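Everything quoted here is computed from the prediction, not taken from an experiment. When reading the values below, keep in mind they use all heavy atoms of this one structure, side chains included, and skip hydrogens, waters and symmetry mates.
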Amino acid sequence: MSDSPLTPLCSIISLLFPLLLIVIIFFFRRKHPRLNLPPGRMGWPFIGETIGYLKPYPATTVGDFMEQHIARYGKIYKSKLFGEPAIVSADAGLNRYILQNEGKLFECSYPRSIGGILGKWSMLVLVGDMHRDMRAISLNFLSHARLRTHLLKEVEKHTLLVLSSWKENCTFSAQDEAKKFTFNLMADHIMSLDPGNLETELLKKEYVTFMKGVVSAPLNFPGTAYRRALKSRSTILNFIEVKMEERVKRMEENENLEEDDLLNWVLKHSNLSTEQILDLILSLLFAGHETSSVAIALAIHFLPGSPRAIQQLREEHIKIAKAKKEAGEVELTWEDYKSMEFTHCVVNETLRLGNVVRFLHRKALKDVRYKGYDIPCGWKVLPVVAAVHLDPSLFDQPQHFNPWRWQSNNNGSSTTCIEGSCPSGSSNSTASQIFMPFGGGPRLCAGSELAKVEMAVFIHHLILNFQWDLADETDQAYVYPFVDFPKGLPIKVHRHSLI
Ligand code: HEM
């Protein structure tokens, strides 16, 4: 029986094949070294651990999911969230690194549903040059100079309007009142809409439906909150477009546009398309209204638990009000605002403990190595700022409302801490590096200063004119993942006049 001529060839191949495989694996490994991913688990197919991550929890905590994951895997862990592999960070250093490297190593990346509802030109979803241009417009409109000359007055006017409607011994939702205040302020500032006016009220109603969709699951079926919100979105945009057309017509008729609002500003100074202007306005209304109203509601919620803080606020605001009375002044000035030192501590502490914005959405643009861990290119990255603000290794008794930890030594601009309550072992600059309620880096909140002015001015008039009790102690702020009081934070107020 003669051997087939193929037999030696087969033997050579079978000898060479494993060798070839070893060479291929060697070169592949050299090119793609084994990744040292952070520990963690990917959970179920597709949804991963999203359901556990988004399960509601009290706003002054990090929630069970986060707590258990940090205890098990540490402050940096991997997971699968929002349908994508993700790195979750409760690490102050990594969070800062992510935000500072926006556009270089990481990029803003909100779920597609957010773009669907806020619009593709919304600042939250834009990246690159277009984001830079839209941001420049927003910053211009929310500039320090405008805050001093215009916005402070507007904030005070709208605060007094809301507070003057509060009735003695009545119980009502403080959260709704805070929303009324910030909505009226933004609607006035953006489109010169008068509070209480029928069209402003209709817009507000549509906006409530719209907001329910922003926080709901993005299911575009008849009857869902998301579908209703998309409908409200187009009603709101139609409304803004009509306003815009009126202004354009007036401009074409050479009429001087008197209104000092964002709509006029973009029409005169930018070359944005109609669609871009509409999305910009809607996203500013959203960014500027939801966040600061929650922050004010949180301050109203935290303060009754600290009578000493209320007393110190009273002393501070009585002093300011008396000095103004003596000088014959009525409106608050920028100097008054800057002099509210203890109020600034209350504002900081409210933002630290309440964490209006819990985490941000980013993705890695390149393979990144941090503290020995690899973050692969394209992965979702979630810096959880709330976890840093509530970290017991950084803030003493983090669940405790303690405004004194922010005691200021320098016009309220930098933070320091009283003994025993500072972020441990930290200096002023470290405290400000780990405290990021407004995000950071090139996407730092464009309205951060306005938000602080809103909170301080609201507290000024609230403290001077009212004493309030929480009507339902069980109504705590919850994360849904937007912070919200399920029962609306009912309060009972008593009018007083401290000057
Ligand atoms: C307490 C109130 C507020 C909080 C906690 C807050 C928080 C934040 C945070 C964390 C971001 C960064 C989002 C990211 O990086 O992905 C942001 C962005 C932004 N915020 Fe605020 N915000 C507040 C009030 C306001 C107000 C009053 C305005 C005014 C209209 C505003 C306008 C914006 C805008 C335009 C951006 C986008 C900035 C950009 O992408 O460049 N915010 N805010």
Side-chain angles (χ1 to χ4, degrees), residues 24-25 28-58 61-99 101-102 104-116 124-125 127 214-220 226 355 357-391 439 478-482:
I24 290 172
I25 290 173
F28 185 82
R29 281 265 166 88
R30 263 190 51 178
K31 212 165 168 221
H32 302 275
R34 215 187 174 79
L35 293 178
N36 183 27
L37 293 171
R41 54 188 286 264
M42 303 310 264
W44 295 91
F46 189 69
I47 55 166
E49 298 190 290
T50 315
I51 294 175
Y53 186 78
L54 293 181
K55 200 167 147 217
Y57 57 90
T61 72
V62 292
D64 289 346
F65 178 93
M66 197 72 188
E67 205 167 291
Q68 285 158 10
H69 277 64
I70 293 175
R72 200 156 164 197
Y73 305 119
K75 289 184 189 171
I76 303 174
Y77 59 86
K78 70 167 183 283
S79 181
K80 189 168 189 182
L81 297 167
F82 308 99
E84 291 175 51
I87 303 293
V88 182
S89 164
D91 180 284
L94 178 55
N95 287 0
R96 203 177 153 71
Y97 184 69
I98 295 166
L99 299 185
N101 283 291
E102 172 76 21
K104 294 180 215 142
L105 303 177
F106 302 94
E107 189 174 73
C108 191
S109 169
Y110 280 83
R112 223 200 293 243
S113 56
I114 294 280
L124 265 195
V125 290
V127 290
V214 177
V215 299
S216 70
L219 304 170
N220 192 0
Y226 189 73
N355 287 295
V357 177
R358 321 288 300 186
F359 64 94
L360 307 171
H361 288 262
R362 296 291 186 267
K363 75 170 180 216
L365 291 176
K366 296 181 180 156
D367 288 338
V368 179
R369 182 160 266 243
Y370 185 86
K371 284 189 184 165
Y373 285 137
D374 289 308
I375 303 175
C377 173
W379 276 41
K380 210 167 177 44
V381 182
L382 302 176
V384 185
V385 286
V388 176
H389 297 164
L390 298 169
D391 184 341
Y478 266 76
V479 181
Y480 288 107
F482 286 82

The criterion is side-chain hydrogen bond (donor to acceptor under 3.5 Å, both in side chains); which residues satisfy it with [X], sequence neighbours excluded?
X      : answer
Lys380 : His361
Asp367 : none
Lys366 : none
Asn101 : none

Applying ring pair (Phe, Tyr, Trp, His ring centres under 6.0 Å), name anything that partners [X], two or more places apart in sequence or on another chain.
X      : result
His389 : Phe435
Phe482 : none
Tyr373 : none

Keeping to residues at least two apart or across chains, list the salt bridge (charged side-chain N to carboxylate O under 4.0 Å, His left out) pairs with something in residues 65-87.
->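 Checked against salt bridge (charged side-chain N to carboxylate O under 4.0 Å, His left out) - neighbours excluded - the pairs reaching residues 65-87 are Lys75-Asp391.
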
Between the side chain of Tyr226 and the main-chain N/O of Ser113, is any donor-acceptor distance below 3.5 Å?
->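 Checked: pair present.
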
Would you give me the side-chain donor-acceptor pairs under 3.5 Å for residues 41-54, sequence neighbours excluded?
{"residue": "Arg41", "atom": "NH1", "partner": "Glu49", "partner atom": "OE2", "Å": "3.1"}
{"residue": "Glu49", "atom": "OE1", "partner": "His69", "partner atom": "NE2", "Å": "3.2"}
{"residue": "Glu49", "atom": "OE1", "partner": "Ser79", "partner atom": "OG", "Å": "2.6"}
{"residue": "Glu49", "atom": "OE2", "partner": "His69", "partner atom": "NE2", "Å": "3.0"}
{"residue": "Thr50", "atom": "OG1", "partner": "Ile47", "partner atom": "O", "Å": "2.5"}
{"residue": "Thr50", "atom": "OG1", "partner": "Phe82", "partner atom": "N", "Å": "3.0"}

Under the salt bridge (Lys or Arg N to Asp or Glu O under 4.0 Å) test, which residues partner Lys104, sequence neighbours left out?
->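 Result, salt bridge (Lys or Arg N to Asp or Glu O under 4.0 Å) vs Lys104: none returned.
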
Tell me, with the steps shown, if Asn36 and Arg369 meet side-chain contact (heavy atoms from CB on, under 4.5 Å).
-> CA-CA 9 Å; Asn36 183 27; Arg369 182 160 266 243; 4.2 Å; yes

Please identify each residue that fulfils side chain to side chain contact (heavy atoms under 4.5 Å, CB included) with Val368, with sequence neighbours left out.
->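 Side chain to side chain contact (heavy atoms under 4.5 Å, CB included) check on Val368 returns Tyr97, Leu105, Phe106, Ile375.
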
